[in-house]
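Some notes on the structure that comes next.
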Amino acid sequence: QVQLVESGGGLVQPGGSLRLSCAASGDISSRYTMDWYRQAPGKQRELVAAITSMDYTRYADSVKGRFTISRDNAKNTVYLQMNSLKPEDTAVYYCARGTVVGGRYENDSWGQGTQVTVSS
């Protein structure tokens with residue numbers, strides 16, 4: 001496992017931008033996919049974006065074209081750039097490290113989360 005610490009959340013008006021960071025205490029480069037999830041009050045946690053060790057990315061349909069995930073392996077940091085934010089993006093955002101164990105994908109490390117609130 002590795003310790004993950006998210007930062008960059010806050011209050012922003014609709015249409016605004018935020019950049020979330022996820023700093024890792026250990027290796028997040030080789031063999032690992034890094035994921036950003038979010039969970040809004042009363043809703044299930046959902047995968048927002050993911051980036052593989054080969055820098056392939058995928059996004060939830062709800063954020064495509066607005067969010068961009070990236071990673072800096074030298075800094076052991078993953079980012080989530082969020083543009084054109086909407087009130088429905090309000091949630092606690094978590095980063096997680098993913099790996100395949102016994103043929104099954106799982107997240108073996110999670111951050112504590114950072115609150116993003118989109119409101120006027």
Calculate, to the nearest 0.5 Å, the distance between atoms [atom1] and [atom2] belonging to [X] and [Y] respectively.
X     : Y      : atom1 : atom2 : result
Trp36 : Tyr79  : CH2   : OH    : 10.5 Å
Thr90 : Lys43  : OG1   : NZ    : 9.5 Å
Leu20 : Thr77  : CG    : OG1   : 12.5 Å
Leu80 : Arg71  : CG    : CZ    : 13.5 Å
Ser53 : Met34  : OG    : CE    : 11.5 Å
Gln1  : Ser109 : CD    : OG    : 4.5 Å

Determine, for Asp61 against Lys64, whether the closest basic-nitrogen to carboxylate-oxygen distance falls under 4.0 angstrom.
-> yes
Hey, mind stepping through Cys95 and Val78 against side-chain contact (heavy atoms from CB on, under 4.5 Å) and telling me if it holds?
-> CA-CA 8 Å; Cys95 67; Val78 180; 5.9 Å; no
Spell out, yes or no, whether Tyr93 and Leu18 are grouped together once hydrophobic residues are joined by side-chain heavy atoms under 4.5 Å, including indirect joins.
-> yes
Is it true that Tyr59 and Leu85 fall in one hydrophobic cluster, defined by side-chain heavy atoms closer than 4.5 Å?
-> yes
Between Asn83 and Ser17: side-chain donor-acceptor atoms closer than 3.5 Å | yes
Sub-4.5 Å side-chain heavy-atom contact between Pro14 and Pro87 = yes
Go through the steps to decide whether Asp89 and Arg38 satisfy the test side-chain contact (heavy atoms from CB on, under 4.5 Å), and finish with yes or no.
-> CA-CA 9 Å; Asp89 294 318; Arg38 69 184 179 187; 2.9 Å; yes
With a distance cut-off below 6.0 Å to the six-membered ring centre and an angular limit of 45° from the axis, does Arg97 pair with Tyr32 as a cation-pi contact?
-> yes
CA sep, side-chain torsions, deciding dist, call: Leu47, Arg58, side-chain contact (heavy atoms from CB on, under 4.5 Å) | CA-CA 10 Å; Leu47 179 65; Arg58 63 186 179 100; 3.4 Å; yes
Let me see the working for Asp35 and Tyr105 under side chain to side chain donor-acceptor pair (under 3.5 Å), right down to the final yes or no.
-> CA-CA 12 Å; Asp35 301 321; Tyr105 183 81; 2.6 Å; yes
